Amino acid sequence: MSIGSSTSAAGDPVLEVDDLQVRFTRRGEEPTRAVDGISFSVGPGETVGLVGESGCGKSVTSLAVMGLLPRRGVEVGGSVRFQGQELIGASQSTLRGLRGADMAMVFQDPLSSLNPTVPIGVQVTEVLLEHRDLNRHEAQQEAVRLLDRVGIPDPERRLKEYPHQLSGGMRQRALIAMALSCSPRLLIADEPTTALDVTIQAQILELLRELVVDTGTALVMITHDLGVVAGLCDRVHVMYAGKIIETADRHDLFARPRQPYTGGLLASVPRLDGGKGARLTPIRGSARDTIPWAEGCAFAPRCDHAQDDCLTEVAGSTVPLESDGPGRELRCRHPIQYPPASSGATASGAPR
Ligand SMILES: Nc1ncnc2c1ncn2[C@@H]1O[C@H](COP(=O)(O)OP(=O)(O)OP(=O)(O)O)[C@@H](O)[C@H]1O
Ligand code: SF4
Ligand SMILES: [Mg+2]
């Protein structure tokens with residue numbers, strides 16, 4: 001069990017992911033190791049963030065948890081337990097029974113997640129009819145209540161409309177309504193606000209926060225947006241090239257990031273406490289400048305802290321994920337150092 005495990009006061013974990021690995025093996029192509037041994041867990045009423053740049057494996061992780069990866073051309077290893085039940089290798093009918101009812105997902109792209117040829121109302125009531133003991137009339141009434149709950153004005157009229165007639169924000173709300181329809185124990189939200197303007201973003205995040213507080217749902221929030229993390233997540237796992245490289249409580253992560261990549265992420269977003277004229281520093285290079293973990297730290301080509309021992313030939317083994325104080329884990333040979341709080345000195349390499 002990883003240090004990022006959630007038990008205790010919150011109750012037994014709803015989701016436990018242990019050493020999850022996903023490899024795409026298309027014929028004629030080099031295999032892609034999209035997820036490379038990640039472990040985390042989420043307790044009831046807890047919000048856990050998976051954060052990282054495009055391509056680091058966030059969506060593939062969520063699809064693996066939901067059992068939604070194609071069976072051909074994909075190798076999945078490790079363990080995913082939902083309320084104690086192992087899902088890796090579970091039958092399609094078991095997974096289908098859990099999805100929608102006990103575990104739900106809001107996908108990255110609302111338009112492609114909805115059927116364009118079917119009115120919203122039919123799509124919401126179908127979910128209700130499949131997973132709840134309601135007749136058609138009751139399901140229609142419940143659909144109105146759900147759309148109202150997610151803040152869609154005039155829900156009766158909207159239920160008769162097709163997805164393209166709704167704005168992006170409304171489509172995302174409709175998807176969240178569908179995800180909430182069976183009060184799932186686990187909700188995975190994959191970049192649910194990326195395509196939305198900031199006002200709608202804030203409303204959707206508030207909606208998710210209410211859900212977690214009101215129903216004790218375990219929420220996995222997938223995002224590359226640290227603003228979303230700051231507003232919503234209790235605990236955060238930062239991912240890079242398929243691995244978790246830093247885990248911390250949200251407050252600790254923002255106050256004292258230790259991994260140079262996390263520090264870089266924080267330094268590249270505006271902060272209210274940054275002061276007038278504070279410069280933003282993007283991380284140099286791009287995800288393409290990554291090296292395989294087998295050769296050393298994947299972030300080394302972009303890292304200002306990198307030294308010879310960050311490469312495997314020197315160190316003899318890949319950079320391990322290790323405990324870094326209470327509730328923290330870190331994969332780094334030369335992390336950002338902080339002086340004692342009272343000294344007034346600045347951290348070496350810390351983000352502003
Ligand atoms: N069906 C697939 N076949 C082959 N490779 C894939 C497939 N789906 C994803 N990948 C690869 O797996 C890696 C992780 O992809 P993933 O979609 O999880 O990234 P992400 O972190 O969600 O990025 P984004 O922020 O852009 O959504 C990427 O290198 C991607 O190219
Ligand atoms: S292990 Fe080395 S290269 Fe990787 S983040 Fe830490 S200092 Fe940088
Ligand atoms: Mg994604």
Side-chain angles (χ1 to χ4, degrees), residues 20-36 38 49-66 68-76 105-110 112-113 188-195 220-226 228 237-246 257-265 283-293 295-315 317-322 324 329-337 348-351:
L20 179 67
Q21 298 150 47
V22 180
R23 231 162 63 107
F24 292 100
T25 54
R26 283 222 199 93
R27 216 187 302 162
E29 286 177 24
E30 273 292 297
T32 311
R33 200 177 282 277
V35 177
D36 196 1
I38 75 167
L50 290 186
V51 185
E53 280 174 325
S54 184
C56 71
K58 305 181 295 292
S59 294
V60 171
T61 299
S62 59
L63 293 173
V65 168
M66 297 294 288
L68 286 170
L69 287 169
R71 297 243 149 169
R72 291 174 66 147
V74 185
E75 291 171 2
V76 182
M105 181 159 170
V106 178
F107 289 91
Q108 197 161 0
D109 175 3
S112 65
S113 314
I188 301 182
D190 188 354
E191 306 271 11
T193 59
T194 304
V220 178
M221 188 72 193
I222 292 178
T223 183
H224 65 270
D225 183 344
L226 287 166
V228 168
H237 301 281
V238 181
M239 288 182 69
Y240 193 80
K243 284 190 186 293
I244 289 175
I245 55 161
E246 184 161 23
R258 292 264 291 152
Q259 232 284 351
Y261 174 67
T262 314
L265 282 181
I283 300 172
R284 66 184 158 86
S286 73
R288 281 193 306 275
D289 304 322
T290 290
I291 60 168
W293 283 105
E295 293 174 19
C297 174
F299 185 58
R302 306 170 67 189
C303 181
D304 294 334
H305 288 224
Q307 297 184 29
D308 289 351
D309 62 349
C310 298
L311 300 177
T312 301
E313 299 98 86
V314 177
S317 67
T318 197
V319 184
L321 186 67
E322 293 173 319
D324 187 40
E329 280 183 319
L330 178 67
R331 190 188 296 278
C332 184
R333 294 204 192 277
H334 305 284
I336 301 168
Q337 302 292 342
S348 85

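First listed ligand is number 1; within each ligand, the first listed atom is number 1. Only heavy atoms go into these numbers, but all of them, side chains included; no hydrogens, no water, no symmetry mates. This is a predicted model, so every value here is computed, not measured.
- For the Mg ion (ligand 3), the set of protein N/O/S atoms nearer than 2.8 Å consists of Ser59 OG, Gln108 OE1, ordered by chain and number.
- Comparing Ala287, Ala64, Gly55, Pro70 by heavy-atom distance to atom 19 (O) of ligand 1, the nearest is Gly55.
- Given atom 4 (Fe) of ligand 2, the protein heavy atom at minimum distance is Cys297 SG, 2.3 Å.
- Nearest heavy atoms, His334 versus Cys310: CD2-SG, 3.7 Å.
- Under 3.5 Å, the side chains of Glu53 and His224 contain no donor-acceptor pair of N or O atoms.
- Paired with Phe299 under the rule side chain to side chain contact (heavy atoms under 4.5 Å, CB included), one option of Ile291, Ile283, Thr290 passes, and it is Ile283.
- The main-chain N or O of Ile244 is found under 3.5 Å from a side-chain atom of Arg331 such that the two form a donor-acceptor pair.
- Distances from atom 7 (S) of ligand 2 to the heavy atoms of Gln307, His305, Arg331, Arg258 show the closest one on His305.
- Under 4.0 Å from ligand 2, heavy atoms of Ala300 appear from its side chain as well as its backbone.
- If you check which protein heavy atom lies closest to atom 25 (O) of ligand 1, you get Lys58 NZ, 2.8 Å.
- Closest protein heavy atom to atom 2 (Fe) of ligand 2: Cys310 SG, 2.3 Å.
- Phe24 CG, 3.4 Å is the protein heavy atom nearest to atom 4 (C) of ligand 1.
- Contact annotation for Gln259 and ligand 2: only side-chain heavy atoms (C-beta onward) come within less than 4.0 Å of the ligand.
- Not a single N/O/S atom of Cys303, whether from backbone or side chain, sits less than 2.8 Å from atom 2 (Fe) of ligand 2.
- The heavy-atom pair separating Leu265 from Val238 by the smallest distance is CD1-CG1, 4.2 Å.
- By the criterion of a heavy-atom distance under 4.0 Å, both the backbone and the side chain of Cys332 are placed next to ligand 2.
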Show your working on side chain to side chain contact (heavy atoms under 4.5 Å, CB included) between Thr25 and Val74 and close with a plain yes or no.
CA-CA 6 Å; Thr25 54; Val74 185; over 6 Å; no
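- Between Ala241 and Cys56, the shortest heavy-atom contact is N-CB, 3.9 Å.
- With respect to atom 15 (O) of ligand 1, the closest heavy atom belonging to the protein is Val60 CG2, 3.7 Å.
- By the 4.5 Å heavy-atom criterion applied to side chains, Leu69 and Val22 are counted as neighbours.
- Looking only at distances, no side-chain donor or acceptor of Asp36 sits under 3.5 Å from a matching main-chain atom of Arg33.
- At a threshold of 4.0 Å, the pair Lys58-Asp190 does not count as salt-bridged, since none of the basic side-chain nitrogens sits closer than that to a carboxylate oxygen.
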Report the C-alpha separation of Leu63 and Phe107 in whole Å, then their side-chain angles, then the decisive distance to 0.1 Å, and conclude whether the side chain to side chain contact (heavy atoms under 4.5 Å, CB included) test is met.
CA-CA 10 Å; Leu63 293 173; Phe107 289 91; 3.9 Å; yes
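- Of all atoms in ligand 2, numbered sequentially from 1 with element shown, those under 4.0 Å from a heavy atom of Pro260 are 5 (S).
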side-chain hydrogen bond (donor to acceptor under 3.5 Å, both in side chains) evaluation trace for Thr312 with Glu295:
CA-CA 5 Å; Thr312 301; Glu295 293 174 19; over 6 Å; no
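- Annotation: Cys56 places an N or O atom under 3.5 Å from an N or O atom of ligand 1; distance criterion only.
- Interface of Ser59 with ligand 1, defined as ligand atoms under 4.0 Å from a residue heavy atom, comprises 17 (O), 18 (O), 20 (P), 22 (O), 27 (O).
- Atoms of ligand 2 lying under 4.0 Å from any heavy atom of Arg333, numbered from 1 in the order shown and given with element: 1 (S), 6 (Fe).
- At a 4.0 Å heavy-atom cut-off, ligand 1 touches Arg26 through the side chain alone.
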Derivation and outcome, side chain to side chain contact (heavy atoms under 4.5 Å, CB included), residues Arg284 and Asp304
CA-CA 9 Å; Arg284 66 184 158 86; Asp304 294 334; 3.1 Å; yes
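- Atom 26 (O) of ligand 1 has Ser54 OG, 2.5 Å as its closest protein atom, hydrogens excluded (heavy atom only).
- Not a single donor-acceptor pair under 3.5 Å links the side chain of Thr32 to the backbone N or O of Ala34.
- When hydrogens are left out, the protein atom nearest atom 27 (O) of ligand 1 is Gln108 NE2, 2.9 Å; that is the closest non-hydrogen contact.
- Between the side chain of Thr318 and the backbone N or O of Trp293, at least one donor-acceptor pair lies under 3.5 Å.
- Remark: ligand 2 atoms within the under-4.0 Å shell around heavy atoms of His334 are 7 (S).
- In this structure, the side chains of Leu50 and His237 come closer than 4.5 Å at one or more pairs of heavy atoms.
- Nearest protein heavy-atom neighbour of atom 12 (O) of ligand 1: Ala34 CB, 3.2 Å.
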